[in-house]
Amino acid sequence: MSNDTLDKLPIGATATVTDVQGDPQLQQRILEMGVLPGTQVQVVRYAPLGDPIEIKVMGYNLSLRKAEAKHVSVEVTA
Amino acid sequence: MTETHRHDRHTVALMGNPNTGKSSLFSALTGTRQKIANFPGVTVEAKIGTARFDNSEITIIDLPGTYSLAARSPDERVATDALLGRIEGTPKPDGVIIVLDASSLDRNTYIATQLMEFGLPAVIALTMVDVAESRGITIDAARLSETLGVPVVPINAPRGTGIEELKETLHRTLHHPGNLLELDYPEDFKRGVDTLHAYLCDLSVKLGFKPARPEALRLLVDGAGPFFDECEEVGGAEFTDKFFEIRERAAAGRSLSMAEAQTRYGAIGKWMQEVKQTEAREGRTKTDVVDSILTHKLWGSLIFVALMTLIFQSIYSWSGPLMDLIDGGFGSLGDWVGGMMSEGALKSLVVDGVIGGVGGVLIFLPQILILFLFIAILEDLGYMARAAFLMDKLMSRFGLSGRSFIPLLSGFACAIPAVMGARVIEDRNTRLTTMFLAPFMSCTARLPVYVLFIAAFVPEVTYLGFIELQGLVLLAMYCVGALAAIPTALVLKKGILKSKVTPFLLELPSYKMPRAKAVARTLWDKGGSFVKRAGTIILAVTILVWAAGYFPQSDELDAQFDAEIESVEARYNETVVAFDPDTDQESLIAEFKALDDAFYAKTTELEVEHASDDDRLQAASKNEKAKLIDEVGTLAAKSPRHAQALNDYQSWAELQEQRQEIENTRAGAHLENSYLGRVGHAIEPAVEPLGWDWRIGMAAVASFPAREVIVATLGTIFNLGGDQDEESATLREVVQNAKRSDGSKLFDLATALSIMVFFALCAQCAATLAVMRRETNSWKWPIASFVYMTGLAYICALVTFQVASALGA
């Protein structure tokens with residue numbers, strides 16, 4: 001079981017979400033947007049200045065800051 | 001069996017995620033029968049319209065798109081309040097249309113599950129089916145309807161398909177009770193909601209309403225927010241204690257948000273298995289392909305910069321001709337109306353106050369509309385989210401968000417749409433900071449001040465053959481604003497407006513072809529909003545300033561000038577030889593006048609033609625002048641009567657000039673004597689350290705409603721009459737040569753710089769402050785903005801003047 005977080009994945013990586021932490025408001029928003037344990041996510045790109053990250057989840061594209069992504073624990077699948 | 005109901009009236013709420021084509025649907029349903037509804041106490045707006053079906057009228061409330069009903073701020077609470085009919089002046093919905101985007105159905109269904117827990121009659125409008133299909137996703141609408149217990153109507157709003165069916169289904173559904181969705185929450189969770197709901201119902205007398213069960217669920221999970229605050233207010237410590245107790249038991253050691261999300265998405269997952277088929281597709285979606293360029297590290301950034309430059313540029317170049325048109329139009333209107341009225345306060349009020357004031361507002365309309373046009377197109381296209389994505393890191397460094405970029409950029413055109421545009425920023429503190437910073441972006445109203453003073457005092461030097469010093473100074477003035485904004489932003493974000501981590505989470509929607517109708521409608525709404533808001537305030541303040549500059553009238557002063565005019569006219573009558581009753585004399589004089597008029601017309605033409613080339617202009621003017629002297633000489637030589645006519649004409653022309661001079665001086669004297677003038681004198685000691693005298697101080701005060709008024713005011717106070725603009729050579733010369741009471745030059749480079757710096761930083765736009773008040777629902781922010789910016793402007797102008805003088809400017 002890897003201890004990776006979403007902010008550390010390389011471009012193109014696919015992973016399954018294992019946990020979502022963070023302060024209550026942030027956590028709730030992340031979960032509502034479909035990033036919750038058991039969901040598959042894929043890292044599409046990082047913005048030109050290095051932040052935020054764009055991921056593909058539940059069939060759509062979501063961007064979030066690295067500081068937010070680090071609260072999402074994942075297990076890399078590809 | 002269909003039942004016909006005569007003159008039925010119903011209300012439905014239209015809800016769904018952002019970017020689902022909800023507005024398109026709303027327009028398709030309501031046509032032109034729509035208007036914007038403002039809600040008390042929040043900045044959120046909704047659109048209300050009427051749809052017709054058979055003999056029924058359905059009022060539709062289009063609420064802003066949202067991903068969830070979770071409400072941590074009053075703005076977010078509006079959706080639930082509207083749904084439950086708790087907003088004053090807004091009808092209670094009998095049902096709800098839930099718009100779901102077929103291409104990202106899973107996430108879209110999240111809020112649907114929340115809405116369906118209210119048990120209202122509901123219809124699902126399924127949009128973007130074509131987009132889904134292009135990605136290999138097929139949705140079985142019938143199956144979905146069966147599973148959810150809610151009718152599902154696929155629609156394509158732009159094309160108009162499914163609209164009639166939707167109306168029919170809606171109409172039918174409204175006459176039956178709705179289905180209550182019950183999800184399989186964990187036992188502890190369910191019990192918690194029930195207990196809390198029962199407790200809240202006990203509080204219902206104090207609350208003033210009976211909370212619905214979904215509200216209890218919301219309160220339990222969210223744990224904070226407007227509803228919590230309300231309950232705490234009426235329930236006190238007893239409520240708080242009980243609440244957290246229930247909460248702890250319900251959570252049973254885990255996160256309630258997690259429990260809710262997992263339950264909902266768990267159910268959604270199961271449904272999707274029965275309802276959604278996905279073909280594995282090779283290759284990327286069209287949106288992905290476009291994004292690989294538009295958000296590319298290098299190309300994406302370049303395209304972004306190019307796009308922003310284009311927007312910036314076009315605001316200046318495209319609006320020019322339109323502004324001249326408006327300016328000319330209002331000038332003519334003023335002359336025409338003025339011509340019909342007799343001299344006096346009313347005429348001045350109408351011509352200078354009202355027409356001048358309205359013209360002063362409308363002249364900015366072209367820029368505002370061009371800016372709004374770009375933003376509307378980019379928004380509809382889906383690019384705005386990418387812009388926020390690209391700029392977020394940079395903006396974050398200053399305590400802002402990627403979403404702040406476009407509003408701040410708008411500020412370079414006008415701070416008003418910038419402040420309004422900050423609405424898209426969810427985080428309250430970032431939003432406030434953005435609004436506070438917007439006026440620092442040098443808006444176009446400051447341009448006339450810069451143009452006048454740079455042309456008058458900055459030498460026309462060119463470096464390296466193409467870099468003009470004047471251009472550099474102009475750029476520097478823009479930077480002054482931006483530079484002042486940076487420390488302000490940091491101070492705000494680190495201090496007063498410090499906020500905790502604000503979720504940036506931003507959906508990057510699929511690109512869509514911008515629709516002309518939607519863009520046009522947005523333009524109309526926003527433009528109208530600007531004219532109404534800014535217009536009324538600017539007009540009001542303009543009239544105030546006009547009054548301050550007009551009153552009190554002084555009969556003595558008038559008598560003084562009247563006497564001067566009389567003496568000048570008397571002199572004229574003495575020098576002019578009595579006319580020969582031979583009527584030829586008048587027509588001869590007219591001939592000379594005609595030559596003169598033609599000369600002036602030609603000169604004006606030349607000034608326009610050779611606007612950028614001083615040398616050519618000089619040469620051409622000299623040419624025309626020589627021609628005139630020639631023609632006049634020839635005509636005068638024709639006969640002694642011609643020569644006399646020339647004499648008479650010249651005397652008459654001189655009389656006109658003298659009269660005009662006296663009138664201008666009169667206007668200047670009146671202004672000095674007015675309340676405005678007295679204020680100018682009163683603050684003179686305060687503005688002396690800035691290198692100003694009372695005239696400049698007065699002009700600065702007069703430009704409060706609209707900054708560019710300073711140019712006309714300076715024109716008047718220097719006895720040039722009120723028609724001067726920043727390109728007027730006369731005003732420029734006067735400004736260069738104006739003297740103080742002790743004989744020394746009034747304006748020099750140092751003073752010019754201090755004036756420009758003051759204008760760059762001062763909060764001199766009543767309209768912006770008014771919009772700020774509306775957007776923040778309090779006077780605190782506009783007042784803070786005014787005090788801070790004016791104070792900063794004063795200090796910086798002072799420093800600029802002192803330093804520049806010391807350096808020998």
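Numbered from 1 within each chain, the chains take letters A, B, ... in sequence-line order. All heavy atoms count here, side chains included; hydrogens, waters and symmetry mates do not.
With respect to chain A, the highest number of heavy-atom pairs below 4.5 Å among B:Arg264, B:Gln262, B:Met258, B:Arg72 belongs to B:Arg72. Looking only at heavy-atom pairs under 4.5 Å with chain B, the residue among A:Pro37, A:Ala69, A:Gly34, A:Ser63 that has the most is A:Ser63. The choice from B:Thr295, B:Leu394, B:Asp101 that makes the most heavy-atom pairs within less than 4.5 Å of chain A is B:Thr295. Note: A:Ala47 leads A:Ala47, A:Gly59, A:Gly38 in heavy-atom pairs under 4.5 Å with chain B. Interface summary for chain A: among B:Ser255, B:Gly225, B:Ser103, the most heavy-atom pairs under 4.5 angstrom belong to B:Ser255.
Proximity to chain A at a heavy-atom threshold of 4.5 Å picks out B:Phe389, B:Leu390, B:Asp392, B:Lys393 from residues 381-393 of chain B, in numerical order.
A side-chain donor from one of A:Asp7 and A:Thr5 sits under 3.5 Å from a side-chain acceptor of the other. In the model, B:Asn17 has no side-chain atom that pairs as donor or acceptor with a side-chain atom of B:Thr20 under 3.5 Å. Neither side chain, B:Asp106 nor A:Tyr60, offers a donor N or O lying under 3.5 Å from an acceptor on the other. Residues B:Thr80 and B:Glu215 bring no donor and acceptor atom of their side chains to less than 3.5 Å of each other.
For chain B, the nearby parts of A:Glu54 are the backbone and the side chain; heavy atoms of each come within less than 4.5 Å. If you measure heavy-atom distances from A:Ile53 to chain B, the contacts under 4.5 Å come from the backbone alone. In this structure, no portion of A:Lys66 lies under 4.5 Å from any heavy atom of chain B. Interface residue A:Gln27: only side-chain heavy atoms are found under 4.5 Å from chain B. The part of A:Leu36 that comes within reach of chain B is its side chain, from C-beta onward, which places non-hydrogen atoms under 4.5 angstrom from that chain.
Every salt bridge (Lys or Arg N to Asp or Glu O under 4.0 Å) that B:Glu507 has, sequence neighbours left out, goes to B:Arg107.
Under the 4.5 Å side-chain criterion, counting only non-hydrogen atoms from C-beta, B:Met128 is not in contact with B:Ser510. Considering only heavy atoms from C-beta on, B:Tyr265 stays 4.5 Å or farther from A:Thr39 through its side chain. Within the 4.5 Å cutoff, the side chain of B:Thr263 has heavy atoms near those of the B:Pro186 side chain. No side-chain heavy atom of A:Val57 sits less than 4.5 Å from a side-chain heavy atom of A:Met33. Side-chain contact check for B:Ser396 versus A:Arg65: some heavy-atom pair is nearer than 4.5 Å.
Few gaps surround CD on A:Gln40; more than 12 heavy atoms of other groups in view lie less than 6.0 Å from it.
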